[in-house]
Amino acid sequence: MRLIATVAAAAASVSVVNAHCYIWGVFVNGVDQGTFRAIRTPAYNGPSPHGYANSPVKNLTSVDLKCNVLGDKQVDYTIQVRPGDNLTFDWHHDKRTDTDDVIASSHHGPALVYLSPDPPTEDSFVKIWEEGLYELSEVPFGAGKWATTSDIAANHGHMNVRVPAGLKPGQVSASYLVRAEMIALHEGDASYLKNQFRGAQFYPNCVQIEVVGDGTVELPKGVSFPGAYDYSDPGVVFDTSPLPTTPCATTYQIPGPTVWSGAWPTTTAIEVGPISGPTTATLWSSWIQKSIVTYASYDGSEANILSTSVYTAEWSTTYQTPAAMPTPTAQRDPPDPVVF
Ligand SMILES: *[C@@H]1O[C@H](CO)[C@@H](O)[C@H](O)[C@H]1NC(C)=O
Ligand SMILES: *[C@@H]1O[C@H](CO)[C@@H](O)[C@H](O)[C@H]1NC(C)=O
């Protein structure tokens, strides 16, 4: 079936404001674990090259705020880590290289990392790192320095966090989910509750880790997703553009709870080795539009639909040993763009 033209045309008209930012890889102590390995990659809304990620979640009561669309689906690989290990999440937009823009330059906002046993339960997400507006602008009406645009995008998409000291292997299983998140506030001056064309864009992305060793430290009670954020939070509806002139103190309050005292208060960037796996855009073999999941294979530039199904996130309450799931990426080069 020839599908790409219609999907692409629909996608092209609405995709411009989304940043399509997600995690492409994880380095452990600087060693890459492989492109898309152990990462619950959000589904795309259409096949590449014209498809676009629906990765921004704007509805704060949606289950997608937990780990994004398809975040309930396990991937068949879990990264082994030890307490004290340095993790570097490699966020990208179009390609996994240092020339990628990572996230649009207008998308100022905070970056946050939570840790939860896998599967998450009520109040199980514990914040272990955050960064918001960390430096005010020196010029009047300047945006200042934000985690997403000035730190992570400027550092080739690297978001650094450290596995808490002494962390115990999980109680039910040894596995945890790391919920890493970027929040883009370029339309965050409006509340999504009042205007669904605008609102803060949340980019949560979950990574499966297994903690090994003989640690004894347990995570405290945390927060739930959805639930932790509200439209009345000052950091959810916030205008990044007209900051007053310095030295007027202007603070930004990062959404969610405070960082757990057992987490590393600051993390340093560590040197990373070479990337293992593809670095270029790949075709998406599954995507979601209006809760319909489509699985496809590709023949040249054409998407051949294999099956469709209705998607409802189904979070298990018990840990399942990961089984191979349909992967949202097809590991091959994208076709030439379709010309209309
Ligand atoms: C937000 O998500 C909730 C829960 O899924 C749903 O009931 C509500 O209709 C959604 N709101 C919008 C504006 O889509
Ligand atoms: C993590 O990084 C810190 C700071 O650079 C370093 O002191 C520590 O040894 C690193 N941990 C591991 C396991 O390499």
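FYI, the numbering just counts along the sequence from 1. All of these numbers come straight from a predicted model, not from anything done at the bench. Note that ligands are numbered from 1 as they come in the structure, with each ligand's atoms numbered from 1 the same way.
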How does Arg82 reach ligand 2, by side chain, by backbone, by both or by neither, if only non-hydrogen atoms under 4.0 Å count?
-> neither
Only heavy atoms count here, so choose which of Asn86, Asp85, Asn160 is nearest to atom 1 (C) of ligand 2.
-> Asn86
Report yes if the distance between the aromatic ring centroids of [X] and [Y] is under 6.0 Å, otherwise no.
X      : Y      : result
Tyr114 : Phe225 : yes
Phe238 : Tyr252 : yes
Phe202 : Tyr229 : yes
Tyr134 : Trp146 : no

Atom 11 (N) of ligand 1 touched by protein (heavy atom, under 4.0 Å) | yes
Any protein heavy atom < 4.0 Å from atom 7 (O) of ligand 2 | no
Where ligand 1 meets Gln196 - atom numbers and elements under 4.0 angstrom, heavy-atom basis | 13 (C)
Atoms in ligand 2 flagged as close to Asn29, the criterion being non-hydrogen separation under 4.0 Å = 12 (C), 13 (C), 14 (O)
Any idea which atoms of ligand 2 are less than 4.0 Å away from a heavy-atom of Thr268?
-> 4 (C), 5 (O)
Could you check whether the rings of His156 and His158 sit parallel, tilted or perpendicular, using 30° and 60° as the cut-offs?
-> perpendicular
Can you tell me which residue and heavy atom of the protein come closest to [atom], and the distance to 0.1 Å?
atom                    : result
atom 4 (C) of ligand 1  : Thr61 O, 3.7 Å
atom 14 (O) of ligand 1 : Asn59 ND2, 3.5 Å
atom 9 (O) of ligand 2  : Arg162 NH2, 4.4 Å

Measure the CG-OG1 distance between Leu177 and Thr78 for me, rounded to the nearest 0.5 Å.
->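 OG1 of Thr78 is found 9.0 Å from CG of Leu177.
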From CA spacing to verdict: ring-ring contact (aromatic ring centres under 6.0 Å, His included), Trp24, Phe36 = CA-CA 5 Å; Trp24 287 53; Phe36 295 125; 5.2 Å; yes
